[in-house]
S.K.: 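So that we are looking at the same thing, I have put the structure below in C-alpha cells.
Convention: sequence-line order gives letters A, B, ...; per-chain numbering from 1. Atoms considered below: every heavy atom in the structure, side chains included; atoms not considered: hydrogens, waters and symmetry mates.
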2 protein chains.
Amino acid sequence: MEHGKPAGIASLVSPPSLLSQRGGMREHVDQAVRSALLAGRFIPGKAVTLRGLAQELGVSPMPVREVIQRLAAEHALVVLSNGRVQVPKMTAARFDEVLKARLLLEPELAAMALENKAEIDTKALEKIDLEIDASLGTGDAEGYMMLNYAFHFRIYEASRSTILLPLVESLWLQFAPFMRTVYGRVGTAHLVDWHKEAIKAIRAGNVESLRESMASDIREGMWLLGRSSFPPEEDKQDAF
Amino acid sequence: MEHGKPAGIASLVSPPSLLSQRGGMREHVDQAVRSALLAGRFIPGKAVTLRGLAQELGVSPMPVREVIQRLAAEHALVVLSNGRVQVPKMTAARFDEVLKARLLLEPELAAMALENKAEIDTKALEKIDLEIDASLGTGDAEGYMMLNYAFHFRIYEASRSTILLPLVESLWLQFAPFMRTVYGRVGTAHLVDWHKEAIKAIRAGNVESLRESMASDIREGMWLLGRSSFPPEEDKQDAF
DNA sequence: TTGGCGAAAATGTGATCACAAATTAGGGGC
DNA sequence: GCCCCTAATTTGTGATCACATTTTCGCCAA
C-alpha cells in the first residue's frame with residue numbers, strides 16, 4: 001500500500017483566532033481532520049499517523065492523539081489491533097446500514113428543523129444549491145461534497161437538536177470518504193438532487209413534502225454510490 | 001456543589017487479562033468508565049477529574065485523557081469551555097430527543113436482529129429477565145440497569161450491526177446517568193417492561209410484534225423518567 | 001528475478017514535566 | 001455575619017521521553 005502525504009489537510013488552517021484558549025490546539029486539529037474527512041480528502045484504507053498529522057498541522061502529537069480517539073469513537077477512523085489508525089473501508093453491509101440510518105434520522109431532523117422555520121435561511125440555501133450546480137458542472141467533487149454537507153446541515157441545525165444531529169454527523173463522517181472515491185471513479189455528472197424541492201417544501205411549510213424530498217435526495221444520492229463496486233476484502237479491516 | 005469520589009468505579013476492575021496488549025490500559029479505563037456510566041454510578045453534573053480517575057483506576061492520567069475524549073465525542077461526557085469534564089445534565093429537550101431517537105432506532109435494530117434469529121439466545125434472555133424481576137423486588141437500581149442493558153443489547157448484537165448499534169450505545173450512555181438519579185428518587189417499584197412479550201415475539205419470529213414490544217418497552221420505561229422533574233438550570237451547562 | 005533474513009526506521013503507548021488558568025481556601029476589613 | 005482580595009491548590013493542556021512492537025527497507029542467497 002503506497003503512502004504519501006494525506007493531501008493538503010493543512011490547506012484550510014484557520015487563522016490563530018481562538019488557538020490560545022483552553023483546548024485550542026485540539027479544536028484546531030479536530031476541525032481540520034473533520035473537514036478533510038467530509039470533503040473526502042482522506043481515502044478509505046489510508047493510514048493516518050500521529051506524527052504525520054501533527055507535523056502537517058504544526059502541532060505536537062499530543063492534541064492529535066486526543067482527536068484521533070475522538071474520531072475513532074465516532075467510527076470516522078478505526079484503530080486497528082496493532083494500534084495503527086486508518087480511514088475505515090466501506091463494505092456492502094456497512095453501506096446498506098448507513099443508508100437505512102440516514103433514511104430514519106435525516107427526514108426526521110428536517111421535520112424538526114421546520115418547526116423553527118424562521119431559522120432556516122432559504123435564501124442562503126438557494127445560493128448553496130447554485131454553487132452545487134456549478135461544482136457539478138466543473139466536476140469539482142471536493143467542492144460538491146462540502147457544499148452538499150453545508151446544504152443539509154444548514155437545514156438540520158435549525159432543529160436545535162443536540163441528540164439526533166450528532167448521530168447524523170457521525171454518519172456523514174463515515175460515508176464521506178467512500179463517497180469521494182466513487183466520484184473519483186465515475187465522476188459527478190449523473191448526480192441529481194432534490195434540493196430545489198426541499199427548499200420549496202420549506203417555504204411552503206409542508207413537513208411531509210420536506211420529509212419526502214430529503215428521503216429522495218438521500219436515496220438517489222446513495223443509489224449512485226451503491227451501484228459502484230466495493231473494495232475487495234484483500235486484507236481484513238482488522239485481524240484480531 | 002459538593003465533591004467526592006465518584007463512588008467505586010474501580011469496583012469492577014477486570015483482572016489483568018489483556019492489559020499488556022497495545023492500548024490495554026486505555027481499553028481497561030474505557031470499559032470501567034462505560035460500565036460505571038451505564039450502571040448509573042456517575043451522577044449527572046458530577047465533576048470528573050483526570051487525575052482522580054487515573055488514581056482510582058491505578059493508571060497514569062494518559063489513558064484516561066484519551067478515554068475522556070472518546071466518551072466526550074459520544075456525548076457521554078461533556079468538556080466545559082474551561083476544560084473541566086462532567087457528566088452532562090439532562091434537560092427536557094434532550095430527554096424528548098433521546099426518546100424519539102430510541103423509538104426510531106431500537107425497534108429497527110431488533111427487527112434486524114430477528115433476521116439472525118439463531119444468534120438470539122432466548123434462554124439467556126429469560127434468565128436475565130428473571131434476574132431483572134429479582135432486582136426490582138430488592139430495589140437494586142444499579143443491578144436493574146445493567147441487566148436491562150444486557151437484555152436489550154443481547155438482542156441488538158444479533159443484528160451484526162456496525163452502524164446503528166454504536167449510535168444506540170451512545171444514546172444509552174447519555175440517558176443512563178439521569179435514569180439512575182430518578183430511580184434513586186422514585187424507586188424502581190413501578191417499573192414494568194415488555195421483555196416477556198419481546199421474547200415471545202422472537203420465538204414466534206414475528207417481526208412486527210417484536211418491533212411493537214420494544215417500542216412499548218422504551219416508551220413506558222422512559223415515561224416514568226419523563227414524569228420526573230428535570231434539574232433546574234441553576235447554572236448553564238457551559239458558559240461560553 | 002525472487003524469496004527470505006536482519007537491520008533500521010517509524011509508530012503508538014504510557015509516563016512525566018512545566019505551565020497557565022481556574023477553583024478553592026483563608027484571612028482581613030466592613 | 002458578609003464580602004472581597006490574595007495565596008495555595010487543583011486541573012487540563014501541550015510537549016517531550018523511553019520503550020515495545022511493527023513495519024519497511026536493504027541485502028544476500030537460491
S.K.: If you check the B/Val59 side chain, which of D/dG14, C/dG14, C/dA15 turns out closest?
M.R.: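 Given the options D/dG14, C/dG14, C/dA15, the side chain of B/Val59 is closest to C/dA15.
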
S.K.: Tell me the interatomic distance from A/Gln69, atom CD, to C/dT13, atom C1', rounded to whole angstroms.
M.R.: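 Result: 10 Å.
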
S.K.: Once you round to the nearest 0.5 Å, how far does CZ of A/Arg102 lie from CD1 of B/Ile163?
M.R.: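 Reported to 0.5 Å precision, the distance equals 12.0 Å.
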
S.K.: Which nucleotide wins on minimum distance to the side chain of B/Met25, given the candidates D/dA18, D/dT11, C/dG14?
M.R.: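 Nearest to the side chain of B/Met25 among the choices is C/dG14.
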
S.K.: Figure out the CG/C1' separation between A/Asn82 and D/dA20, and round it to whole Å.
M.R.: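 That distance rounds to 13 Å.
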
S.K.: Is it true that B/Phe153 and B/Tyr156 have ring centroids separated by less than 6.0 Å?
M.R.: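 Between B/Tyr156 and B/Phe153, which both carry aromatic rings, the centre distance is below 6.0 Å.
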
S.K.: Counting side-chain heavy atoms from C-beta on, which of C/dA15, C/dG12, C/dA18 comes nearest to B/Pro63?
M.R.: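 Of all the options, the side chain of B/Pro63 is nearest to C/dA15.
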
S.K.: Could you state the atom-to-atom distance from CG of A/Leu53 to C1' of C/dT11 in whole Å?
M.R.: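 Value for this atom pair: 13 Å.
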
S.K.: On DNA chain D, check which nucleotide each of A/Gly58 and B/Val85 is closest to and give me the residue with the more 5' one.
M.R.: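 Looking at DNA chain D, the more 5' nearest nucleotide goes with B/Val85.
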
S.K.: Under a 3.5 Å threshold, yes or no: a donor from one side chain and an acceptor from the other, between A/Gln174 and A/Ser170?
M.R.: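 Judged by distance alone, the side chains do pair up.
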
S.K.: Give A/Val64 one of three labels, base, sugar-phosphate or nothing, depending on what nucleic acid heavy atoms sit under 4.0 Å from its own.
M.R.: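 Here A/Val64 touches no strand at all.
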
S.K.: Strictly under 6.0 Å, is that where the ring centroids of B/Phe175 and B/Phe95 end up?
M.R.: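 Centroid separation for B/Phe175 and B/Phe95: 6.0 Å or greater.
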
S.K.: From the options D/dG12, D/dA15, C/dT11, select the nucleotide whose nearest atom is closest to the side chain of A/Ser60.
M.R.: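 Looking only at side-chain atoms, A/Ser60 lies closest to D/dA15.
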
S.K.: For C/dG14, does the base pair up with any side-chain atom of B/Arg65 as donor and acceptor (N or O, under 3.5 Å, distance only)?
M.R.: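 Flag unset: no donor-acceptor pair detected.
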
S.K.: In whole Å, I'd like the distance from the CG atom of B/Leu50 to the C1' atom of C/dT16.
M.R.: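 The distance from CG of B/Leu50 to C1' of C/dT16 comes to 14 Å, rounded to the nearest Å.
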
S.K.: Pick the nucleotide of DNA chain C nearest each of A/Gly52 and A/Met62; which residue has the one closer to the 5' end?
M.R.: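 Residue closer to the 5' terminus by nearest nucleotide: A/Gly52.
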
S.K.: Looking only at heavy atoms, what is the nearest atom pair of A/His75 and A/Pro88, with distance?
M.R.: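 Of all heavy-atom pairs spanning A/His75 and A/Pro88, the closest is O-CG, 3.9 Å.
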
S.K.: Side-chain donor or acceptor of A/Arg26 under 3.5 Å from a matching atom on the base of D/dG12?
M.R.: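 No pair found.
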
S.K.: Just how far, in rounded Å, is C1' of D/dT16 from CD of A/Gln55?
M.R.: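 Roughly 16 Å, once rounded to whole Å.
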
S.K.: Let me know the distance between CZ of A/Arg51 and P of D/dG14, rounded to the nearest Å.
M.R.: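 The distance from CZ of A/Arg51 to P of D/dG14 comes to 18 Å, rounded to the nearest Å.
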
S.K.: Would you kindly give the CD-to-P distance between B/Glu66 and D/dG12, to the nearest whole Å?
M.R.: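 Taking CD of B/Glu66 and P of D/dG12, I get 15 Å after rounding.
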
S.K.: Examine the base of C/dG12 for any acceptor or donor lying under 3.5 Å from a partner atom in the side chain of A/Arg84, and report the outcome as yes or no.
M.R.: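 No, the side chain and the base share no sub-3.5 Å donor-acceptor pair.
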
S.K.: B/His28 NE2 to C/dG14 P: how many Å, rounded?
M.R.: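 Rounding to the nearest Å, NE2 of B/His28 and P of C/dG14 are 12 Å apart.
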
